[in-house]
Asker: 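My structure is below; once you've seen it, I'll send some questions.
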Amino acid sequence: SSGINAEWPLRPGINCGEDEITFMSGGTECNNMVLNSISKLYSKPHIVISAVEHDSISVYARNLFKQGLITLTEVELNSKGGLEVEDVLSACTTQTRLVPIM
């Protein structure tokens, strides 16, 4: 019950209902929930990730892609090991629903 009480002060500040807050135990669980939700909310949504994205995103996204539930673009790094904003933007389409870049 202490976890439930902890959420109540948050609701007025972000203007949401009791059923609109979900507390997760960790980042992997949260990332998987978001990717799964996007794949169910939209018909074959497009997701853009970096080529070196954290496994909690990349492994799950690749599995959704293999199952035919999403389309996926992985943006490669530049020669200095970074991402170019232009490359990320050009990877986006009208069907892009999520760009989880760390």
Asker: Are any non-hydrogen side-chain atoms of Leu83 and Asp87 less than 4.5 angstrom apart?
Answerer: no

Asker: Is the shortest side-chain heavy-atom distance between Ile70 and Ile38 below 4.5 Å?
Answerer: no

Asker: Considering all heavy atoms of both residues, which atom of Glu74 and which atom of Ser50 are nearest to each other, and what is their separation?
Answerer: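 Heavy-atom minimum between the residues: OE1-O, 4.4 Å.
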
Asker: Do the non-hydrogen side-chain atoms of Pro100 and Val34 ever get within less than 4.5 Å of each other?
Answerer: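 Pro100 does not reach Val34 side chain to side chain.
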
Asker: How many angstroms lie between OG1 in Thr71 and NE2 in His46, if you round to the nearest 0.5 Å?
Answerer: 4.5 Å

Asker: Less than 4.5 Å apart, side chain to side chain, heavy atoms only: is that true for Ile49 and Leu72?
Answerer: yes

Asker: How about Val48 and Leu98: do any of their side-chain heavy atoms sit closer than 4.5 Å?
Answerer: no

Asker: Could you state the interatomic distance from CZ (Arg62) to CG (Leu35), rounded to the nearest 0.5 Å?
Answerer: 12.0 Å

Asker: Check the hydrophobic clustering (I, L, V, M, F, W, Y; side-chain heavy atoms under 4.5 Å; chains of links allowed) and say if Val52 and Val88 are grouped together.
Answerer: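 Val52 and Val88: one cluster.
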
Asker: Using links of under 4.5 Å between side-chain heavy atoms of ILVMFWY residues, direct or through other members, which residues join Leu89 in one cluster?
Answerer: Val85

Asker: Of the non-hydrogen atoms in Ser39 and Pro45, which two are nearest, and what is the gap between them?
Answerer: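 So the two residues come closest at CA-CG, 4.0 Å.
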
Asker: According to salt bridge (Lys or Arg N to Asp or Glu O under 4.0 Å), does anything in residues 40-59 pair up with another residue at least two apart or in another chain? List the pairs.
Answerer: none

Asker: Could you see if Leu69 belongs to whatever hydrophobic cluster contains Met33? Use Ile, Leu, Val, Met, Phe, Trp, Tyr and a side-chain cutoff under 4.5 Å.
Answerer: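 Yes, because Leu69 and Met33 connect within a single hydrophobic cluster, where side-chain heavy atoms sit under 4.5 Å apart.
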
Asker: Would you kindly confirm whether Val99 and Leu77 end up in one hydrophobic cluster when ILVMFWY residues are joined by side chain heavy atoms under 4.5 Å apart?
Answerer: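 Same cluster.
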
Asker: For residues Phe65 and Ile47, determine if any side-chain heavy atom of one lies less than 4.5 Å from a side-chain heavy atom of the other.
Answerer: no

Asker: Out of curiosity, Ile57 CD1 to Asn31 CG, how far, rounded to the nearest 0.5 Å?
Answerer: 3.5 Å

Asker: Rounded at 0.5 Å granularity, tell me how far OG in Ser56 sits from CE in Met102.
Answerer: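 Ser56 atom OG to Met102 atom CE measures 8.5 Å (nearest 0.5 Å).
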
Asker: Check this for me: Tyr42, atom OH, are more than 12 non-hydrogen atoms of other residues, nucleotides or ligands nearer than 6.0 Å?
Answerer: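 No, because the 6.0 Å sphere around OH of Tyr42 holds 12 heavy atoms or fewer from other groups.
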
